[in-house]
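The figures here come from the full heavy-atom set of this structure, side chains too, leaving out hydrogens, waters and symmetry mates. Each ligand, and each atom within it, is numbered from 1 in the order the structure gives.
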Amino acid sequence: MTRSEELFQRAIKRIPGGVNSPVRAFGSVDEAPRFIQGAVGSKIFDVDGKTYTDYIGSWGPMILGHNDERIKDAVIRASENGLSFGCATEREVEMAEFICEHIPHVEMIRMVNSGTEAVMSAIRTARGYTGKNKIIKFAGCYHGHTDAMLVSAGSGVMTSGVPDSAGVPKGCTQDTMIAVYNDLSSVEKLMEESRDQVAAVIVEPVAANMGVVPPKDGFLQGLRELCDKHKALLIFDEVITGFRLSFGGAAEYFGVTPDMVTYGKIIGAGMPVGAYGGRKEIMEMVAPSGPVYQAGTLSGNPIAMAAGLAQLKILWEDPDIYKRLFQKGELLFEGIRKLFTEKEIGYQVNAVASLGSIFFTETPVTDYQSAKTSDTKAFSKYFEYMLEHGVHLAPSQFEAIFLSDAHTEEDIRQFLDLIDRYFR
Ligand code: KE4
């Protein structure tokens, strides 16, 4: 028995499913989860001494690669003064100023501790600001596990094959309406049916929780126009895309301005940080400046702020990082497409910059329904092969490949070589 298997057996006794987040349980692939000892750059090391090239990157935060010395130094230095005070600190001001000064559509921002909290708070603020209750989300998009969002959700919910969650009373989801990703008419229909009672449309500007599904040309701009027409707020859930597609995230990358944005992952550099922000007039609704209540003991935690701010400053000061990430994405995803064409394999490769997925289906994947045509058993076999050969992917067809600045050309050649051999 490997150490990972032994640890998993112990974990299962004390932690539901043996993990602190369902998708880590490898539930949809025929493998025991690898327990990770450490990581550096593009490599992770498991407790049995095996090394893998990592394409999870902690689900997005590790855009610079694992264990970056600059981030580690910032955390160690900040921790010398204590871990948490429950009082205001200078670093929170610096973090808020840095984001607001570099992201035009974020005039004010509030720190929280996860993407889920950011989404939950943004929705409450949108409802408080508009005085309306209805929320439109898209089937297959995942916005964290707040009750109102656990309807036709992606990520671990979709992986489990159960589209919703037990324990969520109807009352929590009766105001959540489900539209079809990339289908503006499905949004317009819901807006008209609800007679403009829609507080907000929340969207992953690049869906990455049903696998990666890019917005069709005009989709995001169309949402912008529909929200303006029906006096609803447009919320970009940029927990994955924020500071990844560009420093200004998907909003900058596609040139569409949301009313509010949610962040997570990269802004914490691996520490628990989420945030929500937007126009001043909206954000001033949030307590204690306004009537929308939201709070958190560890929100704006000084150590987490030190890590996040260090990472954002590196990303801002070296814009070539985004060029390199884009090139790596091109090299990997175009490389896979080329191999599939040569081998007459009809599987789909969806990608935007450093984010992508292989879908085990011959159907073009543009939304939840088409994503669900994927052969998850075939994905599982491919996942196991890659793991055996030293490549650690997200253990689900409905997650993404995350590239980092630490991935090398050699790493990408390794990936392509394995694809070439596996799909012989
Ligand atoms: P967290 O609460 O997990 O920090 O963020 C929730 C969330 C919100 N919005 C988007 C677009 C997200 O992708 C996420 C979380 N992403 C998943 C990965 N697909 C987290 C991994 C996990 O659940 O363990």
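Which parts of ligand 1 touch Ile240 is read off a 4.0 Å heavy-atom cut-off, strictly below it: atoms 13 (O). Near Val239, with a cut-off below 4.0 Å to any heavy atom, the atoms of ligand 1 are 7 (C), 8 (C), 9 (N), 10 (C), 12 (C), 14 (C). In the vicinity of Ser21, heavy-atom distances shorter than 4.0 Å reach the ligand 1 atoms 22 (C), 23 (O), 24 (O). Against a heavy-atom cut-off of under 4.0 Å, Tyr142 is close to the following atoms of ligand 1: 9 (N), 10 (C), 11 (C), 12 (C), 14 (C), 15 (C).
In terms of N/O distances under 3.5 Å, ligand 1 is not approached by Trp59. Looking at ligand 1, you'll find an N or O of Asn209 within less than 3.5 Å of one of its N or O atoms. The shortest N or O to N or O distance between Gly115 and ligand 1 is under 3.5 Å.
Checking atom 1 (P) of ligand 1 against the protein gives a heavy-atom contact under 4.0 Å.
Shortest non-hydrogen contact noted between Ile314 and Leu64 is CD1-CD1, 3.7 Å.
Tyr253 and Phe326 have tilted rings, their planes meeting at an angle from 30° to 60° on a 0 to 90° scale.
Relative to atom 17 (C) of ligand 1, the option among Glu117, Glu204, Met210, Lys265 with the closest non-hydrogen atom is Lys265.
For the atom pair CD of Gln197 and CG of Asp175, the computed distance is 9.5 Å after rounding to the nearest 0.5 Å.
In this structure, Tyr263 has its ring center no closer than 6.0 Å to that of Tyr276.
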